[in-house]
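Please read the structure below before turning to the comments.
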Number of protein chains: 2
Amino acid sequence: MTASTRLQTTATQEVHLLGRFTPQRAIVLEALIEAEEEDGFVSAQSLHARLLSADLPVGLSTVYRTLSALAEAGRADVVRDMHGERLFRYRPGSDHRHYLICTECGVSLPLDAVAVEKWAAGIARTSGFTAVRHTVELTGICPDCGPSAGGSPQG
Amino acid sequence: MTASTRLQTTATQEVHLLGRFTPQRAIVLEALIEAEEEDGFVSAQSLHARLLSADLPVGLSTVYRTLSALAEAGRADVVRDMHGERLFRYRPGSDHRHYLICTECGVSLPLDAVAVEKWAAGIARTSGFTAVRHTVELTGICPDCGPSAGGSPQG
DNA sequence: CAAGAGTTGGTAATGATTGTCATAATCTAT
DNA sequence: ATAGATTATGACAATCATTACCAACTCTTG
């Protein structure tokens, strides 16, 4: 069984969570899973462009719909980049995670965020607020993109 | 000295941090300070609309420029709401803060975020990433907007 | 095959934000 | 105070991600 076949199998299984199975949804989900392994978070636009380049002409509307449905179903994490664009990441498990994301290449590193979860839970208890949710994102430059990795060092 | 006069005085002083003094910048900054006391975070669009309603016709471009300059100068915090719109909040001090924001009315509560700062600093040290920055936002429903405050309780 | 529900994808609309540039205001040096 | 240089303003157009719309298409079911 090749890596590609494994991806397709996973995608095929997951697509049924969204409703009717369609080739387009499988393509989008498969591409999202690939992107997760390679680049971390991806935007709907870039994922669409990637599909077009790969001769998989899925409509932009369908890409947006599928990614939104995945996020709604809890199968994808969503963050916003510095321009406000939404970035998606496939989430194999069902727990909510936090990531350290490279601003240069988009690669993401899942974090152990127990300390933050505890802090947020404490705030929720003591503030008088209800339905408290938290957004925690770390961004930085990963070792591969850093100054000593053939980039463009300053100074 | 009235409250209005105090606001104007503060705004006048702060405007000089952005470069040349102009009445428009003073108006925008004053409105931002007022908004901070009343509503917490505000968007550029709503701030602009508010100025028009108050017969202070400052151009939308100028509102955007001034708010961006304030954020750049560290005199305003910026977050994104659920639609990706940028929300600004005047920051009297110079330290970076985190807030618990009510999704209903926009009121914000500054948080003691030492635990998060420490956690983020630790990640920065151990991850190999450089230029690590963090975004931490808590959202919820404040006591005034909660189910027992005349809102629309569910269930 | 026919009907019906759900899906697709091209296109248009939306809405925040940014770019442009002629005009106007502000600062500086005299 | 005034001229000159620099900077800011604001109306408008452009950009861009995202959403809405809708006619054509695809399954499933009888």
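Side chains included, hydrogens not; waters and symmetry mates left out as well; all remaining heavy atoms used. Just so we're on the same page: letters track the sequence lines, and every chain starts at 1.
- Counting only heavy atoms from C-beta outward, the side chains of B:W119 and A:L111 approach each other to under 4.5 Å.
- Annotation for B:E137 and B:R80: closest pair OE1-O, 3.8 Å, computed over non-hydrogen atoms.
- Looking only at side-chain heavy atoms (C-beta outward), A:F129 and B:L100 come within less than 4.5 Å of each other.
- Toward the 5′ end of DNA chain D lies the nearest nucleotide of B:R20, the other residue of the pair B:Q24 and B:R20 mapping further downstream.
- In terms of position along DNA chain C, the nucleotide closest to A:H48 lies nearer the 5' end than the nucleotide closest to the other residue of the pair A:H48 and B:S43.
- Defined by atom type and a distance below 3.5 Å, a donor-acceptor pair is missing between the side-chain atoms of A:H134 and B:H98.
- With sequence neighbours left out, A:E85 forms a salt bridge (charged side-chain N to carboxylate O under 4.0 Å, His left out) with no residue at all.
- Side chains of A:R89 and A:S108: a donor-acceptor N/O pair is present below 3.5 angstrom, by distance only.
- Across the interface with DNA chain C, nearest-nucleotide mapping of B:G84 and B:G19 shows B:G84 to be the residue nearer the 5′ end.
- Base engagement by A:Q45 is indicated by at least one non-hydrogen atom pair under 4.0 Å involving a base atom.
- When DNA chain D is scanned 5' to 3' for any atom under 4.0 Å from a heavy atom of chain B, the first and last hits are D:dT6 to D:dC12.
- Note on B:L17: it does not cluster hydrophobically with B:I27, by side-chain heavy-atom contacts below 4.5 Å among ILVMFWY residues.
- When all heavy atoms of A:S127 and B:L109 are compared, the pair lying nearest together is CB-CD2, 4.3 Å.
- In terms of position along DNA chain D, the nucleotide closest to B:T66 lies nearer the 5' end than the nucleotide closest to the other residue of the pair A:A44 and B:T66.
- Within residues 54-62 of chain B, the residues that have a heavy atom under 4.0 Å from DNA chain D are, in order of number, B:P57, B:V58, B:G59, B:S61, B:T62.
- Within 6.0 Å of atom CD in B:E38, more than 12 heavy atoms from other residues, nucleotides or ligands are found, so the atom counts as buried in its surroundings.
- Using a 4.0 Å cutoff to heavy atoms of chain B, the contacted part of DNA chain C runs 5' to 3' from C:dA16 to C:dC27.
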Let me have the donor-acceptor pairs involving side chains of residues 58-66 of chain B, under 3.5 Å, with sequence neighbours excluded, atom names and distances please.
residue, atom, partner, partner atom, Å
B:Y64, OH, B:Q45, NE2, 3.0
B:T66, OG1, B:T62, O, 2.8

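- Residue contacts shown for B:R86 are limited to sugar-phosphate atoms, with no base heavy atom under 4.0 Å away.
- With sequence neighbours excluded, the residues forming a ring-ring contact (aromatic ring centres under 6.0 Å, His included) with A:F41 are A:Y99, listed by chain and number.
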